[in-house]
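Only heavy atoms go into these numbers, but all of them, side chains included; no hydrogens, no water, no symmetry mates. Just so it is clear, the structure is predicted and the values come from calculations on it, not from any experiment.
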Amino acid sequence: MTSMTVKTPWHLWVVGAISLLWNGYGAFDFVMTTTQGEAYLRASGFDQPMIDYFAAMPNWMYGPWVLGVWGGLLAAILLLIRNRLAAPVFALSLLGAVGSLVFGLMNPMPELPEAMAMMKIMPWVIAALAAFQAWYAWSMSKAGVLR
């Protein structure tokens, strides 16, 4: 039986590093939001209606949030060490991101000041990036790059 070594493509390191930074920021934001609460949100530029919106988030929404954020961070690390579990973990992160997106569609944010208008599209950006990361890890797994 022969074993074939697949060379790691340069783009894996780029996608892995960017994924680690992106999901690392998500983890930082999660920790700061859950530990500092209103003070962190206010320092981030949120106005009172947005702070109230996030404060009213039901406890069960922590499930998709945790799955999306911490799953993405773990999957980025797994991708960088070329572990085949990166693909299913990114898929779980995508599930969390989509769950958060659906919740946001069913519970729209309050009107935002123009400076915060990007917050309306962030759930879509997050879900799209999670989908890309899941697809990328799956394709690297299928190509034999991930072990």
Discussion item. Could you go through Y40 and D29, starting from their C-alpha distance and side-chain angles, then the distance that decides it, and tell me whether this counts as side chain to side chain donor-acceptor pair (under 3.5 Å)?
Written reply: CA-CA 9 Å; Y40 171 70; D29 184 63; 2.7 Å; yes

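- In this structure, the side chain of T35 engages the main chain of V31 through a donor-acceptor pair within 3.5 Å.
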Worksheet item: Hey, mind stepping through M140 and H11 against side-chain contact (heavy atoms from CB on, under 4.5 Å) and telling me if it holds?
Response: CA-CA 10 Å; M140 289 296 100; H11 48 80; 3.8 Å; yes

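- No side-chain heavy atom of F103 sits under 4.5 Å from any side-chain heavy atom of W65.
- Taking all atoms of both residues into account, the shortest heavy-atom contact from S100 to P64 is OG-CB, 3.9 Å.
- The side-chain heavy atoms of W124 and L105, taken from C-beta on, include a pair separated by under 4.5 Å.
- The minimum heavy-atom distance linking L146 with A86 is given by the pair CD1-CB, 4.2 Å.
- Once rounded to the nearest 0.5 Å, the distance linking CZ of F132 with OG of S139 reads 7.5 Å.
- E38 has its side chain within reach of Q48: a pair of non-hydrogen atoms, C-beta onward, lies under 4.5 Å apart.
- P49 and P110 get closest at one heavy-atom pair: O-CG, 3.6 Å.
- Between N23 and W70, the closest side-chain pair of non-hydrogen atoms is not below 4.5 Å.
- Taking hydrophobic clusters as Ile, Leu, Val, Met, Phe, Trp and Tyr residues chained together by side-chain heavy-atom distances below 4.5 Å, L129 shares a cluster with I126.
- Here the side chains of L78 and F90 are not in contact, with every heavy-atom distance at 4.5 Å or above.
- Counting only heavy atoms from C-beta outward, the side chains of L20 and L80 approach each other to under 4.5 Å.
- I77 is not connected to L92 by any chain of hydrophobic side-chain contacts under 4.5 Å among Ile, Leu, Val, Met, Phe, Trp and Tyr, and they are in different clusters.
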Fill in: side-chain contact (heavy atoms from CB on, under 4.5 Å) evaluation trace for R147 with R82
CA-CA 6 Å; R147 308 176 228 114; R82 295 181 52 197; 3.3 Å; yes

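- Residue L94 comes nearest to A131 through the heavy atom pair CD1-N, 3.6 Å, listed as atom of the first residue, atom of the second, then distance.
- With S93 contributing its side chain and G68 its backbone, the two residues share a donor-acceptor pair below 3.5 Å.
- Between P123 and M109 the shortest heavy-atom distance is CG-CE, 4.4 Å.
- There is a path of hydrophobic side-chain contacts, each under 4.5 Å, that joins V66 to W60.
- Following chains of ILVMFWY side-chain contacts shorter than 4.5 Å, one can reach I51 starting from M119, so the two form part of one hydrophobic cluster.
- L73 and A27 get closest at one heavy-atom pair: CD2-CB, 4.0 Å.
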Practice prompt. Any chance you could lay out the side-chain contact (heavy atoms from CB on, under 4.5 Å) test for F30 and Y62, step after step, and finish with the verdict?
Written response: CA-CA 10 Å; F30 177 87; Y62 283 94; 4.1 Å; yes

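- Here N107 contributes atom CG and M57 contributes atom CE; the two are 11.0 Å apart, rounded to the nearest 0.5 Å.
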Discussion item. If you apply the rule side-chain contact (heavy atoms from CB on, under 4.5 Å), what do you find for V145 with L12, and how did you get there?
Written reply: CA-CA 9 Å; V145 175; L12 182 131; 3.8 Å; yes

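- In terms of hydrophobic clustering, with Ile, Leu, Val, Met, Phe, Trp and Tyr side chains grouped at heavy-atom distances under 4.5 Å, M61 and L101 are assigned to different clusters.
- To the nearest 0.5 Å, atoms OG1 (T33) and CZ (F28) are separated by 8.5 Å.
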